[in-house]
Amino acid sequence: MGASSEAEQHPSPAAPSAAGGEHAQRRRKHWGWGYEDEQPTSAQLAALARSLEARLQVPFQEPRAPAALEQLRLPAVRLSAPRALAELCTSSHYERARHAHGSSYADVVEGFYGRFAAAPDLVAYPRSEDQVQALLAWCAEERIAAIPYGGGTSVVGGVRPQLPAGYAGALCIDLSRLSGLYELDTVSAAARLGAGSSGPQLEAALGRSGFTLRHYPQSFALSTLGGWIATRAAGHFATGQTHIEDQLEALRMATPAGMVATTRLPASGAGIDPLRLMAGSEGALGVITEAWVRVRRRPRTIVRATVSFERFELGAHCIAALLQEDLQPANCRLLDEHEAALALAEGERRALLLLAFESPAGAQVARGALAAAMDRALAICAQHGGALRGEARFQERSQPSADAGAGAREAGEAGWREAFLGAPYLRDAMVACGVFTETFETAVTWERLAALDNEVRGAALRVLEGRGVRERDLRLSARLTHAYRDGAAPYYTVIAPVARGEEHTLWQELKSAISEAILAAGGTITHHHAVGRDHMPWYGRERPEPFAAAIAGAKSALDPRWVMNPGVLLKVPPLS
Ligand SMILES: Cc1cc2nc3c(=O)[nH]c(=O)nc-3n(C[C@H](O)[C@H](O)[C@H](O)COP(=O)(O)OP(=O)(O)OC[C@H]3O[C@@H](n4cnc5c(N)ncnc54)[C@H](O)[C@@H]3O)c2cc1C
């Protein structure tokens with residue numbers, strides 16, 4: 001092959017990208033989801049609350065207003081940046097507040113009521129890799145906790161500056177200015193992107209050349225490439241290449257011990273894979289500054305179908321059969337009867353399987369091959385008692401698009417998808433109305449799925465009923481988000497009334513009971529939400545002890561003073 005790289009007019013890593021600038025003009029809310037200009041008025045919130053209450057059939061309380069930014073009390077600032085780094089750092093009240101919490105229900109509650117037990121002392125906005133390295137050198141020197149921050153959508157306490165003893169303070173390193181498409185290699189179909197690029201930024205940039213990363217976590221609007229890699233996020237593909245590391249070709253990570261940079265390779269059998277060490281490192285080894293990821297032409301043809309099953313478990317058996325016959329639908333999500341009723345707003349109580357096959361390469365679509373795959377899948381569904389709703393529908397796309405949301409919208413059933421991406425906004429409204437809402441996820445082999453499902457539902461109900469919540473007032477629903485030949489990733493949503501002031505305790509009780517149930521039933525503490533600080537007690541039991549020691553060794557080599565995101569992935573040993 002000839003020239004390997006098509007250098008397009010992309011911003012250099014050292015300069016803030018235009019796309020980053022656009023986001024910089026809109027301020028994120030200091031609590032919860034989205035931007036300040038998206039906050040509903042009190043009348044809009046009241047109307048939303050009424051319609052959600054009617055739809056969910058869960059009692060809502062009178063909406064309250066969130067604690068105002070200017071009334072928040074933050075802990076005193078303990079750090080002052082050296083002169084050379086001062087222009088990168090801020091201790092502004094707003095910046096410290098907005099980087100203090102991640103995005104779990106517990107985080108949203110804390111932000112809503114204005115509880116800021118911890119906040120970063122300073123927030124840094126590096127614009128180059130050198131600046132990241134200089135910040136890390138300062139942190140190592142002064143034993144300051146360095147907390148990489150992508151979009152702050154962690155739901156496991158990954159960005160919370162809650163420090164063990166021995167640290168001088170916390171520096172939040174916001175990567176949003178290390179963003180943009182730096183290079184696009186159309187020969188090898190790969191792109192070099194800044195780690196701070198958000199989902200919409202990177203899809204818009206790739207879309208201009210007809211490419212896509214096709215990674216759509218539900219947090220797509222705010223989360224970043226670096227965050228996805230650091231947490232091994234799972235996205236659009238429900239089967240096959242489910243996790244971001246499946247698209248990862250190379251990356252660069254700044255560590256206190258220096259830069260770690262891997263070579264671009266399609267595959268390698270050379271020893272332990274350095275990419276696999278860094279993907280999933282959750283900021284505990286270093287700061288991912290950029291990555292090469294495999295991209296693809298946007299699919300031209302997609303065929304979709306919806307199949308209903310009398311029971312969730314019948315749909316699950318069907319998915320196992322589909323995958324074991326080597327079918328690989330892009331979408332293969334199974335909603336239990338509760339989720340299905342909400343998605344369809346119908347009274348009928350049946351589980352729903354959302355199926356889609358898409359052309360892998362785009363250009364000359366083998367429409368016949370997609371039709372054959374769907375026909376075979378539907379035949380297997382019928383053998384498992386599935387009933388096709390309507391008919392399989394083809395969708396053709398003609399033009400490349402820079403519309404960042406287009407891919408996300410086409411990724412599944414349109415209505416369900418819109419609801420999927422809009423859900424985080426509704427969560428803020430529910431917090432304002434005294435309604436608990438949180439999700440719990442895992443993965444387990446097929447033969448254990450039914451028992452795990454039973455255990456998790458039982459554990460959640462025991463906690464809620466123990467707190468006097470009547471069964472008719474709560475919603476406990478499940479879906480399978482991702483599936484494999486040997487198992488699947490169940491994902492539970494709990495919605496229930498909660499007394500004001502009791503939110504955090506209820507969250508802790510549910511997190512603990514459900515996590516115990518998952519481990520007891522042979523599941524993993526996380527399929528894609530990561531470990532962070534909140535899953536540490538269970539991760540510590542899931543992970544083999546000698547492996548923990550090996551990771552600690554890697555950390556000591558890359559981060560000898562243990563300043564990188566302390567408390568995440570590894571317990572901090574006594575500091576000398
Ligand atoms: C409503 C909602 C829906 C979600 N849906 C999904 C989903 O569908 N799939 C899924 O996988 N997850 C999902 N998540 C979880 C979350 O979005 C993912 O974990 C995501 O990958 C985090 O990306 P981020 O950029 O927001 O990272 P952050 O939240 O900022 O950080 C997450 C962790 O990664 C570290 N980190 C961030 N950037 C870097 C970097 N450049 N270098 C080193 N470390 C870094 C942080 O220190 C932290 O430990 C969801 C969260 C919410 C709130």
Side-chain angles (χ1 to χ4, degrees), residues 28 32-34 99 101-108 120 126 129 132 136 145-161 170 172-179 193-199 201-202 215-238 242-245 251-255 260 278-291 333 408 411 420-428 437-439 441 479 481-482 489 491 493 526-535 559 564-569:
R28 286 270 300 272
W33 194 255
H99 290 88
H101 294 128
S103 301
S104 69
Y105 167 78
D107 292 324
V108 177
E129 215 169 70
V132 175
L136 296 188
I147 304 181
Y149 187 104
T153 66
S154 167
V155 284
V156 291
V159 292
R160 192 185 309 133
C172 172
I173 304 181
D174 186 312
L175 278 313
S176 57
R177 295 197 185 149
L178 283 184
S179 63
L193 291 144
S197 312
S198 70
Q201 284 174 353
L202 68 82
H215 182 78
Y216 302 111
Q218 192 182 27
S219 55
F220 173 80
L222 301 181
S223 54
T224 63
L225 178 64
W228 298 342
I229 297 169
T231 59
R232 297 176 55 210
H236 167 68
F237 293 105
T242 54
H243 284 74
I244 189 70
E245 69 265 25
L251 62 69
R252 292 177 66 84
M253 180 189 265
T255 77
V260 181
M278 292 182 282
S281 57
E282 301 193 25
L285 299 182
V287 177
I288 298 162
T289 53
E290 62 171 64
R333 289 186 165 84
F420 176 73
L421 293 171
Y425 291 100
L426 302 185
R427 193 175 57 163
D428 287 6
T437 168
E438 183 59 302
T439 59
E441 48 88 51
R479 65 179 94 134
T481 58
H482 299 83
Y491 183 98
T493 302
T526 175
H527 171 263
H528 58 261
H529 278 172
V531 176
R533 292 176 171 79
D534 298 338
H535 284 156
D559 176 21
M564 294 305 314
N565 215 359
V568 162
L569 288 189

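Both ligands and their constituent atoms are indexed starting at 1 by order of listing. In this text the structure is predicted, and so the values were computed from the model without any measurement.
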**Q** Tell me the nearest of G151, A291, A230, A530 to atom 34 (O) of ligand 1, using heavy-atom distances.
**A** A230

**Q** Side chains of E441 and T526: do they bring a donor and an acceptor to under 3.5 Å?
**A** yes

**Q** Considering H482, Q218, R427, M253, which one's heavy-atom position lies nearest to atom 6 (C) of ligand 1?
**A**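 Comparing heavy atoms across H482, Q218, R427, M253, the nearest one to atom 6 (C) of ligand 1 lies in Q218.
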
**Q** Under a heavy-atom criterion of less than 4.0 Å, does W33 contact ligand 1?
**A** yes

**Q** Checking the N or O distance criterion of under 3.5 Å, is ligand 1 in contact with G158?
**A**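 Yes; at least one N/O pair falls below 3.5 Å.
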
**Q** Taking non-hydrogen atoms only, is I288 closer than 4.0 angstrom to ligand 1 via side chain, backbone, both or neither?
**A** both

**Q** Show me, pair by pair, the donor-acceptor contacts under 3.5 angstrom made by side chains of residues 221-230, not counting sequence neighbours?
**A**
from: S223; atom 1: OG; to: S219; atom 2: O; distance (Å): 3.0
from: S223; atom 1: OG; to: S219; atom 2: OG; distance (Å): 3.1
from: S223; atom 1: OG; to: W228; atom 2: NE1; distance (Å): 2.7
from: T224; atom 1: OG1; to: G227; atom 2: N; distance (Å): 3.1

**Q** Looking at the rings of H482 and H528, which for Trp means the six-membered one, are their centres under 6.0 Å apart?
**A** yes

**Q** When you measure from the heavy atoms of A234 to every atom of ligand 1, does any distance fall below 4.0 Å?
**A** yes

**Q** Do N565 and ligand 1 have an N or O pair less than 3.5 Å apart?
**A** yes

**Q** Give the contacting part of T224 toward ligand 1: side chain, backbone, both or neither, where contact means a heavy-atom distance below 4.0 Å.
**A**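 Under 4.0 Å from ligand 1, T224 contributes backbone and side-chain atoms.
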
**Q** Examine the proximity of ligand 1 to L175 and report which part, side chain or backbone, both or neither, has a heavy atom under 4.0 Å away.
**A** side chain

**Q** Do any nitrogen or oxygen atoms of S103 come within less than 3.5 Å of a nitrogen or oxygen of ligand 1?
**A** no

**Q** Any nitrogen or oxygen of I147, side chain or backbone, less than 3.5 Å from one on ligand 1?
**A** no

